[in-house]
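Dumping the structure here so I can ask a few things about it.
In listed order, ligands and their atoms are each counted from 1. For the numbers below, each heavy atom of this structure counts, side chains included, while hydrogens, waters and symmetry mates do not.
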Amino acid sequence: MRNTTAEWQKLDREHHLHPFTDPKALNSKGTRVITHGEGVYIYDSEGNKILDGMAGLWCVNVGYGRSELIEAVHEQMKELPYYNSFFQTSHPPQIELATLLAEVTPDGFNHFFFAGSGSEANDTIVRLARHYWAVKGQPGKRTFISRLNAYHGSTLVGTSLGGMKYMHNMGGEGGSLLPGFEHIGQPYWYAEGGGMSPEEFGLQRARELEDKILELGAENVAAFIGEPIQGAGGVIVPPDSYWPEIQRICRKYDILLVADEVICGFGRTGNWFGSETFDIKPDLMTMAKGMSSGYIPISAVGIHDRVAEVLIEGGDINHGYTYSGHPAACAAALASIRYTQEHDLVHQVREETGPYFQAALHHLAETHPIVGEARGRGLMGALQLVKDKESRTIFSGEEDAGTVCRDYCFRNNLIMRAVDQSMIASPPLVITKSEIDELIEKARLCLDLTAKDFGLM
Ligand code: PXG
């Protein structure tokens, strides 16, 4: 028997603590209960059909209800629902998945370590990178440098790598920030670039890395980590000058370069990996989310040959998870990647739907009074909400046009996220042009309603 919405909400209130949520505020209004999904749409317990402009949480790349993934997981469950890879054993799905990842990742990535989430993968990267330097006789190289407003997960290491101050301060000032993690400014030109050109600003922010390395001493720095495009931070697309300069600095000071591809990976930016879109040559890559289209949790660390050679010669790797390379999760990832290949989704995003989506976002920026900028690549995009386009004046946190607009989207059966004063979209990679039209039409309506609330229309 299905519960009514009110019954679900009551049970949810009584027994479930939600991630990244103020429990009291949520309980006072009740949660929306999502019951099923098909293609790019999800449905709630009231029967509303909702366009999922966020692909779940940036992950349902192949869309909902794909029988190819469901069958693959079902078959694997019957065959072998679980086995570990700790004690000189392996199993076909994880061997096949590692082999397929070597095929779709950039040249030089031939080894993969499996974990259960993006956070776990980033914990793994910190441990492997420190081990790498210890094996090379430089155990002092332990510190990770990241960016403010980066997101790298929610474990203690993920939180510390990330640059979200409110996460660092959970449990009191700095209460969730581990030692050995440093942050530099982010390449968010629209909000922080002042009078500089985007290119000048990109170089300036990249050079903060050099300053930080010199301050800490290169002999103490293990790695720099960054998302090719910051996702949870607001789809921050760095100026073209940024990544080449970051890469030059990492090489100059012998610092590992880590690309967190949890959101950008598996086609989101129009290439298999965001690193390819920005011509970054990382030493390590974090992969999760779109890897299995979120059907079953799984993540991986991609290890470039130049790092793998050292790790393979370096003795015991004292690290791993019960669910590293879980067979059913590997089956979901294999099926998701094969679906992406067979339906040519990456090419479609690069050549067709991505440019179409970006053009529609830019048209909104040109024509809508409260959209100051559109940014993005492929099928990830953001609309910057502003009070005044001429002076690049963003709404204040108190005015919070982002939340106002997000709530209008919610009421109009469109899922878009508000990150501060930007509206974010990252739809499934299977979205069609007519579904993009629907997304944009709904977004425009919600922007109009928001603008009217602020007397700007
Ligand atoms: N790296 C990046 C770049 C991410 O976006 C993680 C690591 C952590 O992955 P797990 O699987 O441990 O969650 C992420 C996750 C948001 C939001 O509000 C984004 C994420 C997670 C939760 C919320 O946009 N990204």
Is it the side chain (CB and beyond), the backbone, both or neither of V419 that lies under 4.0 Å from ligand 1, heavy atoms counted?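 Looking at V419 and ligand 1, no heavy atom falls under 4.0 Å.
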
For atom 2 (C) of ligand 1, find the nearest protein heavy atom and state the residue, atom name and distance (0.1 Å precision).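 Here the closest protein heavy atom is Y151 O, 3.3 Å.
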
Give the residue and atom name of whichever protein heavy atom lies nearest to atom 18 (O) of ligand 1, and the separation in Å to one decimal.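 Result for atom 18 (O) of ligand 1: R417 NH2, 2.4 Å.
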
Quick check on contacts: which atoms of ligand 1 are under 4.0 angstrom from a heavy atom of I263?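 Those of ligand 1 that fall under 4.0 Å from I263 are 5 (O).
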
Establish, from distance only, whether the side-chain atoms of Y188 and Q230 form a donor-acceptor pair under 3.5 Å.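 On atom types as modelled, these side chains do not qualify, holding no pair under 3.5 Å.
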
Is there a nitrogen or oxygen of G118 sitting under 3.5 Å from a nitrogen or oxygen of ligand 1?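 Between G118 and ligand 1 (N or O atoms, distance only) the closest approach is under 3.5 Å.
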
Report the nearest protein non-hydrogen atom to atom 22 (C) of ligand 1: residue, atom name, distance rounded to 0.1 Å.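 Residue, atom and distance for the closest contact: L57 CD2, 3.6 Å.
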
For ligand 1, which is the ligand I care about here, please tell me if S119 has any N or O atom under 3.5 Å from one of the ligand's N or O atoms.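 Between S119 and ligand 1, an N or O pair is found under 3.5 Å apart.
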
Indicate, as side chain, backbone, both or neither, the part of F20 found under 4.0 angstrom from ligand 1 when only non-hydrogen atoms are considered.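 Neither; no heavy atom under 4.0 Å.
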
Could an N or O of ligand 1 be found under 3.5 Å from any N or O of D260, whether backbone or side chain?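 There is such a contact, yes.
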
Reported CZ-to-CD1 distance for the pair F113 and I303, which is rounded to 0.5 angstrom: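 Spacing of CZ (F113) from CD1 (I303) equals 8.0 Å.
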
Under the rule for side-chain contact (heavy atoms from CB on, under 4.5 Å), what residues qualify as partners of V258, not counting sequence neighbours?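 Only I125, F144, A223, I225, L284, T286 meet the side-chain contact (heavy atoms from CB on, under 4.5 Å) criterion with V258.
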
For ligand 1, which atoms have a heavy atom of G153 less than 4.0 angstrom away?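 Once the distances to G153 are compared, the set is 6 (C), 7 (C), 8 (C).
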
Side chains of T155 and S119: is there a donor and an acceptor less than 3.5 Å apart?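 No, no side-chain donor-acceptor pair sits under 3.5 Å.
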
Is it true that H91 and Y83 have ring centroids separated by less than 6.0 Å?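 So the answer is no for these two rings.
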
Between T143 and E182, does any side-chain donor sit less than 3.5 Å from a side-chain acceptor?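 Checked: T143/E182 side chains show no N/O donor-acceptor pair below 3.5 Å.
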
If you have a sec, work out which protein heavy atom is nearest atom 20 (C) of ligand 1 and how many Å separate them, to one decimal?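 For atom 20 (C) of ligand 1, the nearest protein heavy atom comes out as K289 NZ, 3.4 Å.
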
Can you measure from NE2 (H74) to CG (L69) and round to the nearest 0.5 angstrom?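 Output value for this atom pair is 14.5 Å.
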
